[in-house]
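This report concerns only the one structure given below.
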Amino acid sequence: VGVVHADGNRLGELFRTAPDVLGHNSGTALGQLSDEVREHAEQALRHAVATVAAHRKTSKLPFVPLIVGGDDLTVLIDGKLALEFTTEYLKAFGRPPAEGSTLRRVLGDREALTACAGVALVKRRYPFSEAYRLAEELCRSAKNTAQTYQGRVNGLDIHVLLDSQAGPLHKMRSTLDADDGNPLTDRPYLLPTATTAVPAKQDWDRVCQRAR
């Protein structure tokens, strides 16, 4: 089972600086900005669901949206579909907003909104609260890597939990180091926007190509 938790990058900063950009009508415009961010996230969710459903040639998915609020998203989904769903959501979330929109004005030199997501893949009987905690921690891990790019990339971190319980992420990751201390994984991964380059070993699309 996949527990996915996603959160927008630098949204707090966006709203803090918005009044300076929007000027004397910032009160009304801030409400418009909030509406546009929510709609942007909901469109990304609809796109991800529709894309995965189309690939499965079905109108129904083993998928439960638990939190859909602003830029926050938490879903429960069949583990086989979790990575495709999350990838489609992040890519859609990272699409540039419409020209002339309040969101476009406030973003300034940033191409688009971006987000990070954590995907915890756990056994079906694993306690949901622990799986959600792991997904949150994975999301924070992705954000720590993505913040270097100042909100210009999406981030994705994944953990397949085969044990009966999960410890702190850094302890579980320490078991994935070679004897010389070098990590055997390049997670978290990055999904860049069109104008931003990331290291090939962390580029999620290239990782998927190599896996195939």
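For this chain, numbers begin at 1 and follow the sequence in order. All values derive from a computational prediction rather than experimental measurement.
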Indicate if [X] and [Y] have the same hydrophobic cluster label, given that clusters are the connected sets of ILVMFWY residues with side-chain heavy-atom separations under 4.5 angstrom.
{"X": "V21", "Y": "L33", "value": "no"}
{"X": "Y132", "Y": "V4", "value": "no"}
{"X": "F85", "Y": "L66", "value": "no"}
{"X": "L81", "Y": "V1", "value": "no"}
{"X": "Y126", "Y": "L83", "value": "no"}

Return yes if some donor-acceptor pair links the side-chain N/O of [X] with the main-chain N/O of [Y] below 3.5 Å, else return no.
{"X": "N154", "Y": "L191", "result": "yes"}
{"X": "K143", "Y": "G8", "result": "yes"}
{"X": "T175", "Y": "M172", "result": "yes"}
{"X": "T86", "Y": "A82", "result": "yes"}
{"X": "Q202", "Y": "Y189", "result": "no"}
{"X": "T196", "Y": "T193", "result": "no"}
{"X": "R38", "Y": "G69", "result": "no"}

Any heavy-atom pair between the side chains of [Y] and [X] that's under 4.5 Å?
{"X": "F15", "Y": "S34", "result": "yes"}
{"X": "V64", "Y": "I77", "result": "no"}
{"X": "L134", "Y": "V3", "result": "no"}
{"X": "H159", "Y": "T185", "result": "no"}
{"X": "L156", "Y": "L190", "result": "no"}
{"X": "V119", "Y": "L121", "result": "yes"}
{"X": "P19", "Y": "L30", "result": "yes"}
{"X": "T51", "Y": "Y89", "result": "no"}

For a quick test of reading the model, state the closest non-hydrogen atom pair linking [X] to [Y] and the distance between them.
{"X": "A41", "Y": "G70", "result": "CB-O, 3.1 Å"}
{"X": "V75", "Y": "P65", "result": "CG1-CA, 4.0 Å"}
{"X": "A146", "Y": "C116", "result": "CB-SG, 3.7 Å"}
{"X": "D177", "Y": "P183", "result": "OD1-CA, 3.3 Å"}
{"X": "A92", "Y": "H47", "result": "CB-CD2, 3.6 Å"}
{"X": "L22", "Y": "A29", "result": "CD1-CB, 3.4 Å"}

Distance check, rounded to the nearest 0.5 Å: [X] atom [atom1] versus [Y] atom [atom2]?
{"X": "T114", "Y": "Q150", "atom1": "OG1", "atom2": "CD", "value": "11.5 Å"}
{"X": "L113", "Y": "E36", "atom1": "CG", "atom2": "CD", "value": "10.0 Å"}
{"X": "E136", "Y": "S141", "atom1": "CD", "atom2": "OG", "value": "13.5 Å"}

(request) In sequence, state the C-alpha distance, the side-chain angles, and the governing distance for D78 and F63, and then conclude on side-chain contact (heavy atoms from CB on, under 4.5 Å). (result) CA-CA 7 Å; D78 186 300; F63 162 85; over 6 Å; no
Would you mind checking if [Y] and [X] are paired as a salt bridge, meaning a charged N to carboxylate O distance below 4.0 Å?
{"X": "R173", "Y": "D157", "answer": "yes"}
{"X": "K123", "Y": "D163", "answer": "no"}
{"X": "R10", "Y": "E13", "answer": "yes"}

(request) Please assess L73 against I67 for the test side-chain contact (heavy atoms from CB on, under 4.5 Å), listing each intermediate value before the final yes or no. (result) CA-CA 5 Å; L73 176 74; I67 298 173; over 6 Å; no
Only pairs under 3.5 Å count here: list side-chain donor-acceptor contacts from residues 93-110, not counting sequence neighbours, and write none if there are none.
{"residue": "S101", "atom": "OG", "partner": "A98", "partner atom": "O", "Å": "2.7"}
{"residue": "S101", "atom": "OG", "partner": "R104", "partner atom": "N", "Å": "3.1"}
{"residue": "R104", "atom": "NH1", "partner": "E111", "partner atom": "O", "Å": "3.0"}
{"residue": "R104", "atom": "NH2", "partner": "G108", "partner atom": "O", "Å": "2.9"}
{"residue": "R104", "atom": "NH2", "partner": "R110", "partner atom": "O", "Å": "2.6"}
{"residue": "D109", "atom": "OD1", "partner": "R152", "partner atom": "NH2", "Å": "3.2"}
{"residue": "D109", "atom": "OD2", "partner": "R152", "partner atom": "NH2", "Å": "3.2"}

(message) Please evaluate residues I158 and L138 with respect to the criterion side-chain contact (heavy atoms from CB on, under 4.5 Å), reporting the C-alpha separation (whole Å), side-chain torsions for both, the decisive distance (0.1 Å), and the verdict.
(response) CA-CA 7 Å; I158 307 150; L138 289 162; 6.0 Å; no
(request) Could you walk me through whether V160 and V122 pass side-chain contact (heavy atoms from CB on, under 4.5 Å), step by step? (result) CA-CA 6 Å; V160 183; V122 301; over 6 Å; no
(request) Please check if any side-chain donor atom of T58 sits under 3.5 Å from a side-chain acceptor atom of R56, or the reverse. (result)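 The answer is no; no qualifying pair exists.
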(request) Quick one: list whatever passes salt bridge (charged side-chain N to carboxylate O under 4.0 Å, His left out) with D71, sequence neighbours left out. (result)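 D71 satisfies salt bridge (charged side-chain N to carboxylate O under 4.0 Å, His left out) with no residue once adjacent residues are dropped.
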(request) Could you tell me which residues satisfy salt bridge (charged side-chain N to carboxylate O under 4.0 Å, His left out) with E88, sequence neighbours excluded, listed by chain and number? (result)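 Per chain and number, E88 pairs via salt bridge (charged side-chain N to carboxylate O under 4.0 Å, His left out) with no residue.
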(request) Please test K91 against D205 for salt bridge (Lys or Arg N to Asp or Glu O under 4.0 Å), starting from the C-alpha separation and ending with a verdict. (result) CA-CA 11 Å; K91 287 183 175 181; D205 284 340; 3.0 Å; yes
(request) Take atom CG of D180 as the centre, draw a 6.0 Å sphere, and report whether it contains more than 12 heavy atoms from other residues, nucleotides or ligands. (result)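 Counting neighbours around CG of D180, more than 12 heavy atoms of other residues, nucleotides or ligands fall under 6.0 Å, so yes.
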(message) For R125, is the CZ atom crowded, meaning more than 12 foreign heavy atoms sit under 6.0 Å from it?
(response)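 No, CZ of R125 has 12 or fewer neighbouring heavy atoms, counting only those of other groups under 6.0 Å.
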